[in-house]
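Taking it in order: structure first as structure tokens, then the write-up.
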Amino acid sequence: MVLLAGPTALAFFTGGYFEGPRLTAGITAAAIAALAALIAPRVLPRSRSGRIAIAGMALLVAWVGVSIAWAPVRQDAYGDFERLVMYLAVLVCAAALLRGRAALSAVEPALAMGAAIVVTYGLSERLLPGVLHFQRSLGAAGRLEQPLTYWNAMGALAAMGMVLCARLAGDATRAVALRTGAVVAAAPLGTGFYLTLSRGAYGALIAGLLTLVFLSPTRSQLRGAALVLLTAAVPALVAGNLGSVQTLHGTLAHREAQGGLALAVLVAAALAGGVATILIARSEHAGRLRTAAVALPRRALLGAAVPIVVLGLIALGGLVQERHKVTTYLTPAANSQRLVSLTNDRYAYWGVALDAFAAHPLNGVGSGGFREEWLARRTLPENARDAHSLYIETAGELGLVGLLVLAVLIAGVAGSARSAARVYPVRAPGMIAAVVAFAMHAGLDWDWEMPAVSLVAILLMGALVAMGDLPPSLPTTHRGLRRRESRPTAQPVPETVALHSLRAPTPARRPPAPRR
């Protein structure tokens, strides 16, 4: 549990971004890795994809360490190296320790609860302004940033938390209390998600939910996702229309009045969502509501990928448009209008990173070197340390070698996710969907440098690697459930019959040969 609680604890130390908290977290992760080497039956995974994932992370650590030799600012490169060593230790720990039914069942609730705690803490000063007051940055302009101190990171964490809550709420094999708690947690998560005004977080949430529905196309999952979204949307819309709650401006009396109203709506939405979840779960258990799979069109995967591709094309179009502009622009104001605007400083960051890649295609400019490239090539009068995209920044700082190593890591995680979905389809969909949400947002921001966010995804990756080592489960498919449900029965029809036993089916014994 210490491993799963790590990202939540680190969130209250500026997300682990700065050197002190980062080093403490890294030493703790290394100590847990050493303990895992002593107590775990097997440290490295058996599966090929799991070993590829860990090898990809290890190679990334090694290449960043080598790049210190030509990095323009070695201190920044050392910081990146320390962070990646921590990520490698956590990935190895998760793959070694998060094994077995109990451990894997605890991953989603623990990480979802951690995200809800962090976001609720950030909301608290808006709902109780006369009691709590947090430090604010001018750049946030009222957007929800605490305790991570960066609004887009808060949006990414809230998006992953909502995806995990959607899975828990729609998992018919979970206890009713756990499903209810997931829907209740959606109220503060959704409110905080909206108040970050993070456009990239919307793309992450859409990608995660689409992945979840595709991997678990059951009626109970659709109902759970709908409940989470509805419970999240109501208090979010109310808070977004209360000026003092959204911007933190106004007299104390005005802020207290609007904060009290937002708190009352949030509590009411959470209670209503919780009651609805209990009623739905009881109806599913009694057989009054169907829980089996919904027939998806043959091209469902293509349909799910369309919104993601559209978002990518929009970002590419904005990049091309802004790179051909002569005049500069200002970041849109911190209000709801920014959610429908394509104007963004990221296009300038990406352009500089791509120029650096073109100038140093093989090995890049060195880890942490984007800041120097930005100062030399920038077209905007502002400072930037990161290219706001894991993939583009890797190209500019680590070159083709870095991109190849990152591709190895992604391929290993993808292979492990595929194996996990086949071996343990009860727990895998939510974890895969949350990792997809992170991967989407990491392409639009510097989540990789925020350990409190990245470690959530890395723990999920490690859990998927651990799942891939489990014995094959009994062959129970969503189609089989659909055929099974066609017969009327008074018994409850769970989402997965027999819970996909972790034991491999016992082979039939051959009859003894007749004696001559």
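Side-chain atoms are counted along with the backbone in the values below, which use heavy atoms only and exclude waters and symmetry mates. In this chain, numbering begins with 1 at the start of the sequence shown.
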Just wondering, are more than 12 heavy atoms of other shown residues or ligands nearer than 6.0 Å to [atom1] in [X]?
| X | atom1 | result |
| --- | --- | --- |
| Tyr391 | OH | yes |
| Arg136 | CZ | yes |
| Arg42 | CZ | yes |

Could you measure the distance from the [atom1] atom of [X] to the [atom2] atom of [Y]? Nearest 0.5 Å is fine.
| X | Y | atom1 | atom2 | answer |
| --- | --- | --- | --- | --- |
| Leu205 | Met440 | CG | CE | 11.0 Å |
| Leu98 | Leu4 | CG | CG | 5.5 Å |
| Phe438 | Ile458 | CZ | CD1 | 6.5 Å |
| Leu157 | Asp447 | CG | CG | 10.0 Å |
| Arg418 | Ile432 | CZ | CD1 | 11.5 Å |

With Leu164, which of Leu212, Val107, Leu111, Leu189 fulfils side-chain contact (heavy atoms from CB on, under 4.5 Å)?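 Passing option: Leu111.
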Salt bridge (charged side-chain N to carboxylate O under 4.0 Å, His left out) contacts touching residues 103-117 (sequence neighbours left out):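 Passing the test, one end in residues 103-117: Glu108-Arg174.
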Using ring-ring contact (aromatic ring centres under 6.0 Å, His included), reason through Tyr150 and Tyr17 one step at a time and then give a plain yes or no. CA-CA 10 Å; Tyr150 184 45; Tyr17 179 79; 9.1 Å; no
salt_bridge(Arg371, Asp386) N-O dist < 4.0 Å: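 Asp386 and Arg371: not salt-bridged.
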State plainly whether the residues Arg346 and Asp445 are in salt-bridge range, i.e. N to O under 4.0 Å.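 Judged by the 4.0 Å cut-off on N to carboxylate O distance, Arg346 and Asp445 do form a salt bridge.
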Contacts table for residues 227-239: side-chain donor-acceptor under 3.5 angstrom, sequence neighbours left out:
{"residue": "Thr231", "atom": "OG1", "partner": "Leu227", "partner atom": "O", "Å": "2.7"}

Going by atom types alone, do Arg167 and Ser216 pair a side-chain donor with an acceptor below 3.5 Å?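 Result is yes, a qualifying pair exists.
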Pair Ser67, Glu397: side-chain N/O donor-acceptor within cut-off below 3.5 Å: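 Looking only at side-chain atoms, Glu397 and Ser67 do not form any donor-acceptor pair under 3.5 Å.
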Quick one: list whatever passes ring-ring contact (aromatic ring centres under 6.0 Å, His included) with Phe18, sequence neighbours left out.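 Here no residue qualifies.
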